[in-house]
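Accompanying notes for the structure given below.
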Amino acid sequence: MCFYGRVLAIFASGIISVLLLGYLHPVLAPVMAAVNLLTGGYYAYTHQIQILLQLGKYKRVLHILDECIEQNQADTLVYVRRARLRYRYKKYKSSSLDYEEALGQGMPKYNAMIYTELGQIYFSFGRYRDALSSFEQAYTEQPNFHPTLAWLAVAHYALRNFDEAHIWWQYAIERHRRYAKLHGTNYVKLQEGWLQPAIVEAQKVTALLNAHSQR
């Protein structure tokens with residue numbers, strides 16, 4: 001369930017619970033309403049970063065993440081989130097350092113995602129071989145992570161390894177059919193493994209890959 005779906009489900013269940021208990025006994029309705037307010041407040045507190053990101057409050061989130069790291073309260077995802085925001089603000093060097101720090105946190109289940117996102121920073125600099133190496137490492141960590149497959153195709157295309165690029169792109173489409181709909185002016189929606197804002201050159205490559213696959 002997406003973030004907005006979870007929020008809607010919590011809101012709906014809160015209203016239903018108040019109505020049901022109010023039907024059983026009038027006193028129970030305000031009690032349940034108070035419980036729901038406390039529950040909602042706790043949810044907002046524990047998910048404040050996700051809520052702020054959904055609201056586009058990126059600088060506020062960056063400030064919170066900086067504080068977590070300064071206070072030695074950071075885990076892998078704290079570094080990953082800060083890396084993404086630093087990339088958004090074109091702080092590419094510090095972003096790559098955060099990804100490297102995240103890799104050292106000892107949470108291998110995130111490694112494929114981290115290597116895939118780190119490779120995009122190299123790609124944005126035109127360091128295609130370094131990018132490809134990072135994507136290959138991501139593939140070693142998790143062969144079925146579809147952003148890795150897509151970026152392997154893009155990196156090979158940038159290096160003029162066209163046959164390999166088309167093979168990897170077909171693998172990516174098999175894992176995530178929406179890649180077949182990219183045409184150069186649209187891009188992959190915000191999700192793990194894809195940095196935002198989009199890399200224009202990568203957008204062009206995806207369009208070329210799709211144009212070739214539709215022949």
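Any value given below was found using the heavy atoms of this structure, including those in side chains, with hydrogens, waters and symmetry copies removed.
- Between Tyr128 and Glu201, the side chains place a donor N or O and an acceptor N or O closer than 3.5 Å (distance only, hydrogens not considered).
- Leu97 and Leu77 fall into different hydrophobic clusters, where Ile, Leu, Val, Met, Phe, Trp and Tyr are joined by side-chain heavy atoms under 4.5 Å apart, directly or via other members.
- No side-chain heavy atom of Thr148 sits less than 4.5 Å from a side-chain heavy atom of Gln142.
- Using a distance-only test at 3.5 Å, with no hydrogens or angles considered, a donor-acceptor pair links the side chain of Thr206 to the main chain of Gln203.
- Applying the side-chain hydrogen bond (donor to acceptor under 3.5 Å, both in side chains) test to pairs two or more places apart or on separate chains, those with a residue in residues 152-163 are His156-Asn161.
- Between Ala150 and Trp169, the closest heavy-atom pair is CB-CZ3, 3.8 Å.
- Interatomic distance, CG of Asn111 versus CD of Gln137, reported as 8.0 Å (0.5 Å rounding).
- Summarising the geometry of Asn210 relative to Lys181, their closest heavy-atom pair is ND2-N, 4.1 Å, with the distance given to 0.1 Å.
- Qualifying ring pair (Phe, Tyr, Trp, His ring centres under 6.0 Å) partners for His166, counting only residues two or more places apart in sequence or in other chains: His212.
- In terms of modelled atom types and a separation under 3.5 Å, the side chain of Gln196 and the main chain of Val188 share a donor-acceptor contact.
- For the residue pair Tyr171 / His146, no side-chain donor-acceptor distance below 3.5 Å is found, with atom types taken as modelled.
- Using a 3.5 Å distance cut-off with no hydrogens or angles, the side chains of Glu117 and Tyr99 do pair a donor with an acceptor.
- Closest of all the heavy-atom pairs between Phe145 and Met113 is CE2-CA, 3.6 Å.
- Looking only at distances, no side-chain donor or acceptor of Ser133 sits under 3.5 Å from a matching main-chain atom of Arg129.
- By the rule that hydrophobic residues join a cluster once side-chain heavy atoms approach within less than 4.5 Å of another member, Leu209 and Val200 end up as members of separate clusters.
- Here the side chains of Trp168 and Tyr139 are in contact, with some heavy-atom distance below 4.5 Å.
- The shortest non-hydrogen separation linking Ser134 to Gly119 is OG-N, 3.5 Å.
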(request) Show your working on side chain to side chain contact (heavy atoms under 4.5 Å, CB included) between His176 and Gln191 and close with a plain yes or no. (result) CA-CA 13 Å; His176 193 65; Gln191 59 181 287; 4.2 Å; yes
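- Under the ring pair (Phe, Tyr, Trp, His ring centres under 6.0 Å) criterion, Tyr187 pairs with Trp194, not counting sequence neighbours.
- Ile199 has its side chain within reach of Gln120: a pair of non-hydrogen atoms, C-beta onward, lies under 4.5 Å apart.
- No side-chain heavy atom of Tyr179 sits less than 4.5 Å from a side-chain heavy atom of Leu149.
- Using a 4.5 Å cut-off on side-chain heavy atoms (C-beta onward), Leu103 and Thr76 make no contact.
- For the atom pair Asp130 CG and Phe135 CZ, the distance stands at 10.5 Å (nearest 0.5 Å).
- Counting heavy atoms from C-beta on, the side chains of Met107 and Asp75 never come closer than 4.5 Å.
- The salt bridge (charged side-chain N to carboxylate O under 4.0 Å, His left out) with Asp98 is formed by just one residue from the set Arg84, Arg86, Lys93, Lys91; it is Arg86.
- Centroid-to-centroid, the aromatic rings of Tyr115 and Trp151 stay 6.0 Å apart or farther.
- The shortest heavy-atom contact between Pro147 and Gly193 is CB-O, 3.8 Å.
- Minimum interatomic distance between Ala138 and Ala112 (heavy atoms only, all atoms of both residues): CB-O, 3.4 Å.
- Contact check for Ser96 versus Tyr87: no side-chain heavy atoms found under the 4.5 Å cut-off.
- With rounding to the nearest 0.5 Å, the separation of OG in Ser124 from CG in Leu195 is 8.5 Å.
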